[in-house]
Visitor: 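One structure follows; several queries about it will come next.
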Amino acid sequence: MQQDWQSELQQVLRYLESHEVDFVDRWAQWLRIPSISSDPAYRADLERAADWVLGQLQQMGLSAQKIPTAGPPLVYAESPAVPEAPTVLVYGHYDVQPAEPWEAWQSPPFEPTVRDGAMYARGATDDKGQLLTHLWSTEAWLREVGRLPVRLKFLIEGEEEVGSEHLEQFLYHRPEPLACDCLVISDGTQFGPDQPAICYGLRGIAYYELRLRGPKRDLHSGSFGGTVTNPANALARILASLVDDRGRIQIPGFYEQVEPLSPQERQRLAQLPFDEQRFLAELGLCSTSGEEGYTLLERRWARPTFDIHGLWGGYQGEGTKTVLPAEAGAKFSFRLVPHQDPAKITQGLRQRLQELCPPGIQMELLETHGTPAVLVPVESPYVQAACRAIQQAFGRAPVFIREGGSIPIVAAFQQAFGVPVLLLGWGQDDDNTHAPNERFRLADFHRGIRASAYLWAELAQMR
């Protein structure tokens, strides 16, 4: 790092230390807004969440605006260009997952609570807290130094949890404002406590809803059972037939584009300090499952999977009711690895479902959303700059990991601009993302802010 940035960086770090309480207080303000994107009843709260973060960006002195879409608005901000320094786009989202089941929360999901060294609330780590680490580091540079080492652009959306449909439309129709040299996203996890990581791969996803219809009304199972096809029985057989006992997905062409893991990558993953027994204990399990022939980390990060997310049909109330349901359905998805095309997965899935659908059943398959997987070269100089920044902030070098989840817009950015993507997660695996009692440790929150502050200075050296 050049000496001119080093002295100014010390001012920035002092600002960060003196404003830790203020950062947490403002973070809690944002968390109180229930910005749930999957439920239309919360549309006004999505607008409130967008306005809140817009105000924070404007108060820093950035040029910031709300961009209307057919869904929740985008929030965009930028700083002036810096001669010979790169332009960095920071992406994040202000929408959150639903809070159900509410009764499983130890404190209300939208009443932020600090306990045991962590902030508990829906959105604490996914993604409000992690996104704010980059806003607060930017604020520190602007307040203490009056300028940034690089040009920063912020793009914050309100539909990440439901597929980023309108952001992708904006990206393909108006990409010019988003042009950048690298993309920074913090919406993931470290490898473990006090072990920072840089994620170089994300799985893709193909998500569906399957609906089966049989008789025109619910029937008495005693009077009609054995004479008509039960949609619930058919649904169970169909879903069970999509994967075999070895964990292999039974869809035509599913594995055609799957590139085998290289010996070098398998060795890199095997060398990570992963404790499988601790992993099982944290989940309350005694064993794992999945595709034969692969380690737990390989299955979790780098192999495709099939999972059912919801089932419905028949009687769900207390007691018994001997009903033969007229309808049944399921929501499920496939996690995809590099080179798998969601459109081709859909084509093969439709073929397989037609083969499995029994007589007497009308079937409807709805495509919800899909995105391809992402890989980033670990040798990239941008990745190496992030390594240096993280090591200075955390006091420990990051390891390289992959992530089993999906961030749809990352693939879209890669396709549009071909720029390196820095996936810098500050959370932990046990932060209960998408689950009750979501949390983000305060220590990781503050270290993430410091790492971001170092990152802008390190990226300034990329000419």
Side-chain angles (χ1 to χ4, degrees), residues 36-43 97-105 109 161-163 205-252 254 283-287 289-291 304-335 342 345-370 434-436:
I36 300 169
S37 55
S38 62
D39 188 341
Y42 291 90
R43 181 60 188 266
Q97 283 279 321
E100 286 83 357
W102 291 67
E103 66 275 9
W105 289 78
E161 300 292 4
V162 291
I205 191 171
Y207 197 109
Y208 306 92
E209 181 174 343
L210 179 65
R211 299 175 180 175
L212 302 184
R213 298 179 181 87
K216 65 180 181 180
R217 64 180 186 275
D218 287 355
L219 301 174
H220 188 296
S221 65
S223 300
F224 293 93
T227 66
V228 300
T229 304
N230 183 327
N233 290 359
L235 179 67
R237 288 195 298 269
I238 288 172
L239 295 177
S241 298
L242 293 180
V243 62
D244 67 15
D245 292 339
R246 298 174 53 242
R248 297 279 293 182
I249 295 164
Q250 302 299 293
I251 291 177
F254 188 85
L283 298 179
L285 298 173
C286 59
S287 64
S289 65
E291 186 180 6
T305 60
F306 163 67
D307 282 294
I308 299 167
H309 308 302
L311 297 166
W312 58 269
Y315 180 64
Q316 306 293 330
E318 293 292 333
T320 61
K321 183 180 181 182
T322 54
V323 63
L324 193 159
E327 298 181 347
K331 295 184 179 184
F332 59 90
S333 72
F334 302 92
R335 294 290 175 170
I345 299 302
T346 300
Q347 181 180 359
L349 175 63
R350 289 190 183 279
Q351 177 183 335
R352 179 63 172 155
L353 291 177
Q354 290 295 335
E355 296 169 353
L356 295 170
C357 187
I361 293 294
Q362 293 179 316
M363 181 175 63
E364 181 182 15
L365 180 68
L366 304 178
E367 300 174 59
T368 302
H369 62 271
H434 291 203

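Residue numbers run from 1 in the order of the sequence given. Quick caveat, the model's predicted, so the values are computed rather than measured.
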Visitor: Which atoms form the tightest heavy-atom contact between E100 and P98, and what is the distance?
Guide: OE1-CB, 3.2 Å

Visitor: Which atoms form the tightest heavy-atom contact between P231 and G214, and what is the distance?
Guide: CG-N, 3.6 Å

Visitor: Test your reading of the model: is there a side-chain donor-acceptor pair from D39 to the backbone of Y42, 3.5 Å cut-off?
Guide: no

Visitor: Counting C-beta onward and ignoring hydrogens, is there a side-chain heavy-atom pair between R335 and P304 closer than 4.5 Å?
Guide: no

Visitor: Which pair of non-hydrogen atoms, one from I345 and one from A206, has the smallest distance, and what is that distance?
Guide: CG2-CB, 4.5 Å

Visitor: Side chain of T227, backbone of F224: donor and acceptor closer than 3.5 Å?
Guide: yes

Visitor: Take Y208 and L366, measure what side-chain contact (heavy atoms from CB on, under 4.5 Å) needs, and give me the verdict at the end.
Guide: CA-CA 6 Å; Y208 306 92; L366 304 178; over 6 Å; no

Visitor: For D218 and V323, indicate whether the former's side chain and the latter's backbone hold a donor-acceptor pair under 3.5 Å.
Guide: no

Visitor: Is the distance between the ring centroids of H369 and Y207 less than 6.0 Å?
Guide: yes

Visitor: Look only at the side chain of R211 and the backbone of Q362, and say whether a donor-acceptor pair between them is shorter than 3.5 Å.
Guide: no

Visitor: Would you name the heavy atoms of P358 and R237 that are closest together and state the gap between them?
Guide: CG-NH2, 4.3 Å

Visitor: With a 6.0 Å cut-off (strictly less than), is the heavy-atom count around CD of Q347, excluding the residue itself, greater than 12?
Guide: no

Visitor: Between R248 and Q250, does a side-chain contact (heavy atoms from CB on, under 4.5 Å) hold up when you go through it step by step?
Guide: CA-CA 6 Å; R248 297 279 293 182; Q250 302 299 293; 3.7 Å; yes

Visitor: Distance check, rounded to the nearest 0.5 Å: I249 atom CD1 versus F306 atom CZ?
Guide: 8.0 Å

Visitor: Within the distance-only criterion (no hydrogens, no angle test), does the side chain of S223 pair as donor or acceptor with the backbone N or O of L219 below 3.5 angstrom?
Guide: no

Visitor: Search all heavy atoms of G313 against all heavy atoms of Q316 and return the closest pair with its distance.
Guide: O-NE2, 2.9 Å

Visitor: Report yes or no: does W105 contribute a side-chain atom to a donor-acceptor pair with the main-chain N or O of A99 at less than 3.5 Å?
Guide: yes

Visitor: Run the numbers on I238 and L353 for side-chain contact (heavy atoms from CB on, under 4.5 Å), then give the verdict.
Guide: CA-CA 7 Å; I238 288 172; L353 291 177; 3.5 Å; yes

Visitor: Between the side chains of T322 and Y315, is a donor N or O closer than 3.5 angstrom to an acceptor N or O?
Guide: no

Visitor: Around atom CD of E355, are there more than 12 heavy atoms of other residues, nucleotides or ligands at under 6.0 Å?
Guide: yes

Visitor: Run the numbers on F332 and L239 for side-chain contact (heavy atoms from CB on, under 4.5 Å), then give the verdict.
Guide: CA-CA 9 Å; F332 59 90; L239 295 177; 4.1 Å; yes

Visitor: What verdict does the salt bridge (charged side-chain N to carboxylate O under 4.0 Å, His left out) test give for E367 and R350, after you've listed the backbone C-alpha separation in whole Å, the side-chain angles of each residue and the deciding distance to 0.1 Å?
Guide: CA-CA 11 Å; E367 300 174 59; R350 289 190 183 279; 3.5 Å; yes

Visitor: Measuring from E161:CD to S38:OG, what's the distance to the nearest 0.5 Å?
Guide: 8.5 Å

Visitor: With rounding to the nearest 0.5 Å, note down the distance linking CZ in R217 to CG in L324.
Guide: 11.0 Å

Visitor: Which value, rounded to the nearest 0.5 Å, describes the distance between L242 atom CG and L356 atom CG?
Guide: 6.5 Å

Visitor: Mind checking the OG1-CZ spacing from T229 to R213? Nearest 0.5 Å is all I need.
Guide: 15.5 Å

Visitor: Report yes if some heavy atom in the side chain of L210 is under 4.5 Å from a heavy atom in the side chain of L212; otherwise report no.
Guide: yes

Visitor: Would you give the length of the straight line joining atom CD1 of I308 to atom OG of S333, rounded to the nearest 0.5 angstrom?
Guide: 10.0 Å

